[in-house]
Amino acid sequence: MADEAKPPAPTGMTRVDVAGMPKLVSARFQNEDAKTLAGYEKSGGYATLRKALAMRPEDIVAEVKASNLRGRGGAGFATGVKWGFVPKDAKAVHLVCNADESEPGTCKDRELIYWDPHLLIEGMIISAHALKAVHNYIYIRGEMMREYAVLAKAVDDAYARGYLGKNILGTGIEVHLTVHRGAGAYICGEETALLNSLEGLRGQPRLKPPFPAIKGLFGNPTIVNNVETLMNIPFIVDKGGPWFAALGPGRSGGTRMLCVSGHVNKPGVWELPIGISFRQLIDEVCGGVWKGRKVKAVIPGGVSMPPLDIDELDVPIEFDALQNDERIKPVMVSPTQKFDLGGGRLLRSMAGSGGVVVLDDQTDIPQAVWRIMKFFAHESCGQCTPCREGTGWLEKVSRRVAEGAGKPADLELLASIAHGIAGNTICALGDAAAWPMLGFLTKFRADFEAKIKQKGKAA
Amino acid sequence: MSLEFSAEAQKKIAALCERYPTKQPVVMAALHLAQKEHGHLSDDALRLVAATLELPYAHVYGVATFYTMYRREPAGKTTIRMCTNISCMLRGGYDVLAEFEKRLGVKKGGTTADKSLHLVEEECIAACANAPCAVVGTKYYLDLTPDQVQGIVDELKANPHPESEVV
Ligand SMILES: Cc1cc2nc3c(=O)[nH]c(=O)nc-3n(C[C@H](O)[C@H](O)[C@H](O)COP(=O)(O)O)c2cc1C
Ligand code: SF4
Ligand code: FES
């Protein structure tokens, strides 16, 4: 991705006004009527599409740039900037919605599709117009059969009403949308694996560059965006980029869907102000930690992200803050060596997918880590040796430790395997396994050591 | 023995072929349909998909063996996908899985003797806020406890939700 100057991390935003924040993408949740085309139109749906079709594509891209919308799929890349990478003279462009949601701890896209399929479709048609993309696809995870059924019906209805087709709403603009079902593979959430899967191949990631915006689906420039990202587009076109930008702090516009699971009294999926702190989220939105316990660890955005400990919960849940806020301790490779992301950049954590998992103070940390490693070992596509072999070893050794059969040297072994994977693979799944391993070892080393000592006692 | 697609499946495949520049991208949907109509993806079912889309058998084989939802062996009609990933594990997902194994009389991956129910340990099914959870076709079972399992098994035996209804 393009180089960007290190952005200032928003700080001191530990309390935000939750009630005062407008609901955008989740406004129609629990509204059965709005899921139908007629109900969606009655609640204002497809009005923004009419406005957008009268706008020039480049003016829509400019609004998206001004909105500070950042990708909600995990990396937080600026959507308008990504759209700007599509070559101006491209003959055919595709827009692909990534609805593969399978990052453990993340459960927002499924809800968004289920409750408001037409908002996604409207967002995609507007985006397709902005990108001059004719043939567009939604790649939906195979296991999401209920949501596939909802979406397939909504697409059919949108075609029947003239929102999709050869000449949409009589404007002469052609936009097609096809829902493509996956068949069970976490790696197909990675955008180039997803494109291979869409082409009818095994879902294995491609080497980058070229990035999809230059050469993607069927060899054409292709924009891949997350469900939530695309559902925000109608609000940006309706109210303007600057309005959207002003909703969020720093360089992060809009609101954010957060999914909270694990040991809280009230787990759930909420649309919240970007910049709410983990502490406010847990205490005020989720009713605190269950059973009167305390927090041990928080996974900030899906299991691929390094965890936080109890001293790091005042950090705002915002893309730049999670990377740069100095209240978050850097991830270590060994007790004396900091992990280097390249060029001396430190790894703290990342906002990821919005899947916040809370682990209470009685959690068996080595066991939780083993379960995460088991997942990555199962999902590695097998193309690169460090990832294929390394994730397998991380699973085996972490299982041994979790079962109380570990040796003192196992912690160095785990760290060195993880370090050997990170940065040495075709796609980011390798990092996604290595980072949490190193992060847990950095912050919860005592838990692993205690497990290993127990064995000494039993022997 | 050579297999065939139903007329309805042939219609769906033909319609999908219109949506892509070549027939190759339709292989995933065609495999879903073949599995729905023939129960699992035998060598003959793969040959059927290959012939229908004019693709090499080896290509279809490669795709069919990459994705976990495609079955090369027969299994129960209805698949119970029980999640044990992190959020579900933290709230007792493994206990619920063990209860399914006990009530169905099969280990994970197995199929009941009457060939009706197939139990799978699933990775995160994107319903983590209602962990532990399972999905059966288009129906989700949320906030599960072990004492709900027998009821679910009875319900599915009486009224299955074959996942294959959705293709
Ligand atoms: C292993 C892996 C899995 C991913 N899974 C998903 C996913 O399920 N959904 C998603 O939107 N993005 C996922 N991503 C990120 C995508 O590659 C891509 O960055 C994203 O879809 C871009 O959309 P956005 O800019 O709107 O966020 C994954 C990335 C990796 C490396
Ligand atoms: S890093 Fe892992 S998942 Fe990604 S391409 Fe390599 S082997 Fe496949
Ligand atoms: S971890 Fe079980 S549904 Fe996400």
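Predicted model only: the values in this text are computed from it and were never measured. Letters A, B, ... mirror the listed sequences (proteins, then strands); counts begin at 1.
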Any heavy-atom pair between the side chains of [Y] and [X] that's under 4.5 Å?
{"X": "B/Lys108", "Y": "B/Thr84", "result": "no"}
{"X": "A/Arg181", "Y": "B/Met69", "result": "yes"}
{"X": "A/Phe29", "Y": "A/Leu112", "result": "yes"}
{"X": "A/Glu143", "Y": "B/Arg81", "result": "yes"}
{"X": "B/Lys77", "Y": "B/Pro160", "result": "no"}
{"X": "A/Lys108", "Y": "A/Glu228", "result": "yes"}
{"X": "A/Phe376", "Y": "A/Ser304", "result": "yes"}
{"X": "B/Val135", "Y": "B/Glu122", "result": "no"}

For [X], which atoms come within 4.5 Å of any heavy atom of chain B: side chain, backbone, both, or neither?
{"X": "A/Tyr186", "result": "neither"}
{"X": "A/Ile187", "result": "side chain"}
{"X": "A/Tyr148", "result": "side chain"}
{"X": "A/Thr363", "result": "side chain"}
{"X": "A/Trp270", "result": "neither"}
{"X": "A/Ile372", "result": "side chain"}
{"X": "A/Val357", "result": "side chain"}
{"X": "A/Leu258", "result": "neither"}
{"X": "A/Arg110", "result": "side chain"}
{"X": "A/His378", "result": "side chain"}
{"X": "A/Glu103", "result": "backbone"}

From [atom1] ([X]) to [atom2] ([Y]), nearest 0.5 Å:
{"X": "B/Asn130", "Y": "B/Ser87", "atom1": "CG", "atom2": "OG", "answer": "11.0 Å"}
{"X": "A/Trp115", "Y": "A/Lys35", "atom1": "CH2", "atom2": "NZ", "answer": "5.5 Å"}
{"X": "A/Lys374", "Y": "B/Ile86", "atom1": "NZ", "atom2": "CD1", "answer": "12.0 Å"}

I'd like to know if [X] and [Y] make a salt bridge, using a cut-off of under 4.0 Å between side-chain N and carboxylate O.
{"X": "B/Lys36", "Y": "B/Glu8", "value": "no"}
{"X": "A/Arg371", "Y": "B/Glu123", "value": "yes"}
{"X": "A/Asp109", "Y": "A/Arg141", "value": "no"}

Handout entry: Side-chain donor-acceptor pair present, A/Glu190, A/Thr192, cut-off under 3.5 Å
Key =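 Result is yes, a qualifying pair exists.
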Under 4.5 Å, heavy atom to heavy atom, which residues of [range] contact chain A?
{"range": "residues 49-68 of chain B", "value": "B/His59, B/Gly62, B/Val63, B/Thr65, B/Phe66, B/Tyr67, B/Thr68"}
{"range": "residues 18-27 of chain B", "value": "B/Arg19, B/Tyr20, B/Pro21, B/Gln24, B/Pro25, B/Val27"}
{"range": "residues 137-157 of chain B", "value": "B/Gly137, B/Thr138, B/Tyr140"}
{"range": "residues 110-121 of chain B", "value": "B/Glu121"}

Among the options [options], pick out the one with the most heavy-atom pairs lying under 4.5 Å from chain B.
{"options": "A/Ala368, A/Ala149, A/Gly355", "result": "A/Ala368"}
{"options": "A/Ala152, A/Gly268, A/Cys259, A/Ser197", "result": "A/Ser197"}
{"options": "A/Cys188, A/Gly200, A/Gly382", "result": "A/Gly200"}
{"options": "A/Glu147, A/His176, A/His180", "result": "A/His180"}
{"options": "A/Gly184, A/Cys107, A/Ala183, A/Ser102", "result": "A/Ala183"}

Give a yes or no on whether the backbone of [Y] and the side-chain of [X] come within a donor-acceptor separation of less than 3.5 Å.
{"X": "A/Gln204", "Y": "A/Gln383", "result": "no"}
{"X": "B/Arg91", "Y": "A/Gly262", "result": "yes"}
{"X": "A/Arg388", "Y": "A/Ser380", "result": "no"}
{"X": "A/Tyr159", "Y": "A/Leu177", "result": "yes"}
{"X": "B/His32", "Y": "A/Gly182", "result": "yes"}
{"X": "A/Gln367", "Y": "A/Ala402", "result": "no"}
{"X": "A/Thr222", "Y": "A/Leu217", "result": "yes"}

Practice task
May I ask you to name which of B/Ala127, B/Ala131, B/Ala29 has the most heavy-atom pairs under 4.5 Å with chain A?
Solution key: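 Option with the top pair count is B/Ala127.
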Handout entry: B/His40 ring center near B/Tyr70 ring center (under 6.0 Å)
Key = no
Handout entry: Near-ring test A/His135/A/His94, centroid separation under 6.0 angstrom
Key =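 No: the rings miss the under 6.0 Å criterion.
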Practice task
Over all heavy atoms of both residues, which pair between A/Ser261 and B/Cys128 is shortest? Give the atoms and the distance, please.
Solution key: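 Heavy atoms only, the tightest pair is CB-O, 3.3 Å.
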